[in-house]
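See below for the structure under consideration.
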There are 2 protein chains.
Amino acid sequence: MRPLFHPALEDIRPEAILYALADPERAAIFAQLAGAACGRTCSALAEFGERVIPKSSLSNHFKVLRESGLIVSERQGVEMLNQTRCAELDERFPGLIKAILTAYGQFPGQLKGRTPPQ
Amino acid sequence: MRPLFHPALEDIRPEAILYALADPERAAIFAQLAGAACGRTCSALAEFGERVIPKSSLSNHFKVLRESGLIVSERQGVEMLNQTRCAELDERFPGLIKAILTAYGQFPGQLKGRTPPQ
DNA sequence: TTCCGTAGTTCAGAAATTCGGAACTATTGA
DNA sequence: TCAATAGTTCCGAATTTCTGAACTACGGAA
């Protein structure tokens with residue numbers, strides 16, 4: 001298992017962010033992470049409406065989000081804890097993440113992940 | 001030659017916009033259109049740094065931009081005049097287009113299209 | 001220490017998408 | 001009618017995406 005790669009803030013590229021969030025499943029995962037108070041595991045975000053995302057696909061989604069610079073993942077025992085890099089990102093690309101999440105937010109049917117438990 | 005399709009404003013989807021602009025070539029084309037005072041033809045935007053974009057690829061880029069709702073294309077004699085739908089889009093997805101163009105703008109090497117003649 | 005269960009990663013082949021040259025269509029002007 | 005220009009469509013090759021199956025990593029129980 002190779003160590004997880006996280007790009008430095010200055011290496012984050014806009015096209016990678018747009019690519020990562022152009023997939024509604026990934027956008028839903030990211031939106032849930034952005035809405036959660038604390039980090040969340042991969043498997044906690046495996047539902048997208050009716051569909052249960054296969055775990056290899058889910059793993060790949062997290063990899064894309066991580067390597068594009070949108071999230072940080074940290075191993076916590078058996079699980080991975082994932083968190084957004086929203087604050088950093090907003091410094092680098094002002095308004096970008098918020099505008100994207102707002103745009104998706106206008107499509108109630110679009111971000112179909114399970115509502116995070118409070 | 002089938003007639004050109006342009007989605008209605010309310011049918012424009014955020015994932016389509018992100019997908020279209022996740023490609024640096026398309027983003028460069030769009031940025032130039034956004035910066036131009038008047039509409040521009042396809043062939044006027046065929047350069048991306050060193051590379052000359054093949055015309056079938058260029059045609060496809062314009063199709064993707066058009067069908068995602070980012071531009072309108074109108075035949076003007078032999079040519080096509082292309083313009084952005086920035087104003088409309090900003091109403092629907094506030095701040096989105098500007099944030100994306102600003103993000104790309106931070107990478108001088110990224111948007112390599114030819115500078116439009118004044 | 002070994003074994004088991006859970007969480008996530010990696011691999012590999014199938015399916016889908018993208019790329020771009022060549023052929024085609026549309027329009028204008030001679 | 002013909003030639004030239006601008007852009008589109010077609011289609012095969014190359015690349016990318018998807019996902020089941022096998023694998024790795026870690027923790028807990030005995």
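The chains referred to below are lettered A, B, ... by the order of the sequence lines, with proteins before strands, and numbering in each begins at 1.
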(request) Would you jot down, in residue-number order, the residues of residues 63-72 of chain A having a non-hydrogen atom under 4.0 Å from DNA chain C? (result) R66(A)
(message) Rounded to the nearest 0.5 Å, what separates atom NE2 in H61(B) from atom NZ in K55(B)?
(response) 15.5 Å
(request) Give the rounded distance in Å between these two atoms: CG of L81(B) and P of dT28(C). (result) 13 Å
(message) I want to confirm an ordering. Mapping L58(A) and Q76(A) to their closest nucleotides on DNA chain D, which one lands closer to the 5' end?
(response) L58(A)
(message) Restricting to non-hydrogen atoms, name the atom on S68(B) and the atom on I17(B) that form the minimum distance, rounded to 0.1 Å.
(response) O-CG1, 4.0 Å
(request) Quick one: list whatever passes side chain to side chain contact (heavy atoms under 4.5 Å, CB included) with A99(A), sequence neighbours left out. (result) L96(B)
(request) Using the rule that two of Ile, Leu, Val, Met, Phe, Trp, Tyr join whenever any of their side-chain heavy atoms come within less than 4.5 Å, decide whether L65(B) and M80(B) are in one cluster. (result) no
(request) Report the residues that fulfil side chain to side chain contact (heavy atoms under 4.5 Å, CB included) with S59(B), sequence neighbours left out, ordered by chain and then residue number. (result) none
(message) Quick check with a 6.0 Å cut-off and a 45 degree axis cone: is R26(B) positioned over the face of Y19(B)'s six-membered ring?
(response) yes
Which atom pairs link the protein and nucleotides 1-5 of chain C when you take only N or O atoms and keep those under 3.5 Å?
none

(message) Using a 4.0 Å cut-off to any heavy atom of chain A, which nucleotides of DNA chain D are the first and last in contact, reading 5' to 3'?
(response) dT17(D) to dG27(D)
(message) For dT9(C) and S59(A) - does any side-chain N or O of the residue sit under 4.0 Å from the phosphate oxygens OP1/OP2?
(response) yes
(message) For F62(A) versus L45(A), what's the shortest heavy-atom pair and its separation?
(response) CZ-CD1, 3.8 Å
(request) Indicate if L9(A) and L33(A) have the same hydrophobic cluster label, given that clusters are the connected sets of ILVMFWY residues with side-chain heavy-atom separations under 4.5 angstrom. (result) yes
(request) Write down the atom of F30(B), the atom of L101(B), and the distance for their closest heavy-atom approach. (result) CD2-CD2, 4.0 Å
(request) Return yes if some donor-acceptor pair links the side-chain N/O of D90(B) with the main-chain N/O of G95(B) below 3.5 Å, else return no. (result) yes
(message) So which atom in A103(B) and which in F93(A) form the shortest heavy-atom distance, rounded to 0.1 Å?
(response) CB-CD2, 3.5 Å
(request) Heavy atoms only: give me the nearest R40(B)-C38(B) pair and the separation to one decimal. (result) CG-O, 3.5 Å
(request) List the atom of P94(A), the atom of R92(A), and the distance in Å for their closest heavy-atom pair. (result) CD-O, 3.5 Å
Please list each protein N or O that sits under 3.5 Å from an N or O in nucleotides 19-22 of chain C, with the distance.
{"residue": "dG20(C)", "atom": "OP1", "partner": "R51(B)", "partner atom": "NH1", "Å": "3.4"}
{"residue": "dG20(C)", "atom": "OP2", "partner": "R51(B)", "partner atom": "NH2", "Å": "3.3"}
{"residue": "dG20(C)", "atom": "OP2", "partner": "S57(B)", "partner atom": "OG", "Å": "3.0"}
{"residue": "dG20(C)", "atom": "N7", "partner": "S56(B)", "partner atom": "OG", "Å": "3.4"}
{"residue": "dG21(C)", "atom": "N7", "partner": "S56(B)", "partner atom": "OG", "Å": "3.0"}
{"residue": "dG21(C)", "atom": "O6", "partner": "S56(B)", "partner atom": "OG", "Å": "3.1"}

